[in-house]
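The structure appears right after this line, and notes come after that.
Values in this document were obtained by computation on a predicted structure and should not be read as measured data.
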Amino acid sequence: MEANRSLVEKSLALRLLSFSSPAKSGWGPFIALILLAAVLLLTIFSPWIATHDPLAMDPLNRLKPPSEAHLLGTDNFGRDLFSRMILGGRISLLIGICTAVVALTIGVLIGLVAGFFRLADSIIMRAMDALMAMPSILIAIALVALNGPSIGSVIAAITIPEVPRVVRLVRSVILSAREEPYVEAATALGSSTGKILFHHLLPNTMAPMIVQGTYIVASAILTEALLSFLGAGISTEIPTWGNIMAEGRQYFRISPAIVLWPGLLLTICVLSINLIGDAARDALDPRMKKREA
């Protein structure tokens, strides 16, 4: 059983490495990986790259076009657009990654229980069906309205609609894996329930969870931008791509750069993550390889 588990982990690692090769996965995911890495580096090092204080207002220089002093111009309060945009990307990516981590953690734990224990399965899945029946954007708006516009509230609001999707995916994997001979052997040898769940069944969920995690990150970034654009997201004092576009829409005719530049970065980031997720799915799912063959 240990040898089988080790082979599964090595196979997973090799498949993950294979999709980054242009020869095997095509140039699309490779270019997406480079673009995403560039956006990540730009946002991570934003405190050192920013040319101005992103919160400093200069009313005398409001809505200025790009210049040597302001690389991408200024917004309606005279704040440097380039500095706000890269700092806003930092917050947007933080929300996306945190949402994916929390949603996957909660969803995997609930999915393990639902897939392994038949009695709990029907109760848990009816609750998940009820959550999925509610429009996710309305849940997010309601939670942010109740708890106030903060990063924690937005992460919680986006996480709750994502959990049922993870639970259903993990449950489907566990329902199949629990019938495998090595699980039956572990049960016959008297292994504890915890060991069977986390030592034998949990590794089977790693491949689909890696792929699902990329989609959650992309979806969370878009949802945060939508909430901020509607005025139901993070406070406008904290720059995010959605906040910047929301403030700039009133001045689009005068200075379209306020909306276009953050929108372009948002598009590149989400598209790159989705392409990488598709490549990871193709690399990790043996059925995709059979279809190509």
Side-chain angles (χ1 to χ4, degrees), residues 27-99 149-151 154-155 158 214 217-276:
W27 284 99
F30 183 71
I31 295 173
L33 197 61
I34 293 175
L35 290 174
L36 182 60
V39 174
L40 286 173
L41 290 174
L42 193 65
T43 56
I44 290 172
F45 295 102
S46 58
W48 298 274
I49 298 175
T51 56
H52 296 76
D53 180 356
L55 302 179
M57 299 184 185
D58 185 7
L60 296 178
N61 290 309
R62 59 194 300 267
L63 301 174
K64 291 292 184 179
S67 62
E68 292 184 4
H70 301 281
L71 297 178
L72 299 179
T74 60
D75 66 3
N76 52 306
F77 290 105
R79 296 170 296 193
D80 184 68
L81 182 58
F82 174 76
S83 301
R84 287 181 60 78
M85 191 173 65
I86 59 177
L87 179 62
R90 196 178 193 183
I91 303 299
S92 296
L93 288 170
L94 175 66
I95 290 173
I97 294 170
C98 288
T99 298
S150 65
I151 294 177
V154 170
I155 291 174
I158 303 174
T214 62
V217 172
S219 175
I221 292 173
L222 279 177
T223 304
E224 182 279 321
L226 177 60
L227 288 173
S228 296
F229 195 81
L230 294 174
I234 298 174
S235 172
T236 55
E237 296 177 358
I238 303 174
T240 66
W241 287 333
N243 277 342
I244 296 171
M245 289 188 289
E247 291 182 344
R249 61 183 171 179
Q250 299 178 5
Y251 307 94
F252 184 77
R253 292 185 178 180
I254 303 172
S255 181
I258 302 177
V259 175
L260 294 180
W261 282 112
L264 178 62
L265 263 188
L266 177 66
T267 302
I268 291 173
C269 186
V270 172
L271 181 60
S272 298
I273 293 172
N274 283 331
L275 287 174
I276 291 170

May I have the list of side-chain donor-acceptor pairs in residues 244-265 shorter than 3.5 Å, sequence neighbours left out?
{"unit_1": "E247", "atom_1": "OE1", "unit_2": "R79", "atom_2": "NH2", "d": "2.8"}
{"unit_1": "R249", "atom_1": "NE", "unit_2": "A246", "atom_2": "O", "d": "3.3"}
{"unit_1": "R249", "atom_1": "NH1", "unit_2": "F229", "atom_2": "O", "d": "3.4"}

With rounding to the nearest 0.5 Å, note down the distance linking CG in L35 to OG1 in T267.
12.0 Å
Separation between CZ of F45 and CG of L40, rounded to the nearest 0.5 Å
10.5 Å
At their closest point, which heavy atom of S92 faces which heavy atom of T240, and how far apart are they?
OG-CB, 3.8 Å
Are any side-chain N or O atoms of R62 and backbone N or O atoms of N76, one a donor and one an acceptor, separated by less than 3.5 Å?
yes
Find out whether L71 and P66 are in side-chain contact, i.e. whether some heavy atom of one side chain is under 4.5 Å from a heavy atom of the other.
no
When you compare the side chain of I91 with that of E224, does any pair of heavy atoms fall below 4.5 Å?
no
Spatial distance of atom CG (L81) from atom CD1 (I86) [nearest 0.5 Å]:
10.5 Å
Rounded to the nearest 0.5 Å, the CG atom of L42 sits from the CE atom of M85 at a distance of 7.0 Å
When you look at L33 and S272, which way does the side chain to side chain contact (heavy atoms under 4.5 Å, CB included) test go after all the steps?
CA-CA 7 Å; L33 197 61; S272 298; over 6 Å; no
H52 side chain to F82 backbone, donor-acceptor under 3.5 Å
no
Identify the heavy atoms of L41 and I49 that sit nearest to each other, and give their distance.
O-CD1, 4.2 Å
Strictly distance-based, threshold 3.5 Å: is any side-chain N or O of T74 a donor or acceptor partner for the main-chain N or O of K64?
yes
From N274 CG over to L222 CG, what is the distance, rounded to the nearest 0.5 angstrom?
8.0 Å
How many angstroms lie between CG in L72 and CG in D80, if you round to the nearest 0.5 Å?
7.5 Å
Given the rule in the side chain to side chain contact (heavy atoms under 4.5 Å, CB included) test, do L93 and I221 qualify, once you have shown the distances and angles that lead to the verdict?
CA-CA 7 Å; L93 288 170; I221 292 173; 3.7 Å; yes
Consider side chain to side chain contact (heavy atoms under 4.5 Å, CB included). Of V217, V154, T223, I155, which one does T99 pass it with?
I155
With a 4.5 Å limit on heavy-atom distance, are the side chains of P239 and L55 in contact?
yes
I need the minimum non-hydrogen distance between S228 and G242, along with the two atoms involved.
CB-C, 3.6 Å
Closest approach of P47 to I44 (non-hydrogen atoms, all atoms of both residues):
CD-O, 3.7 Å
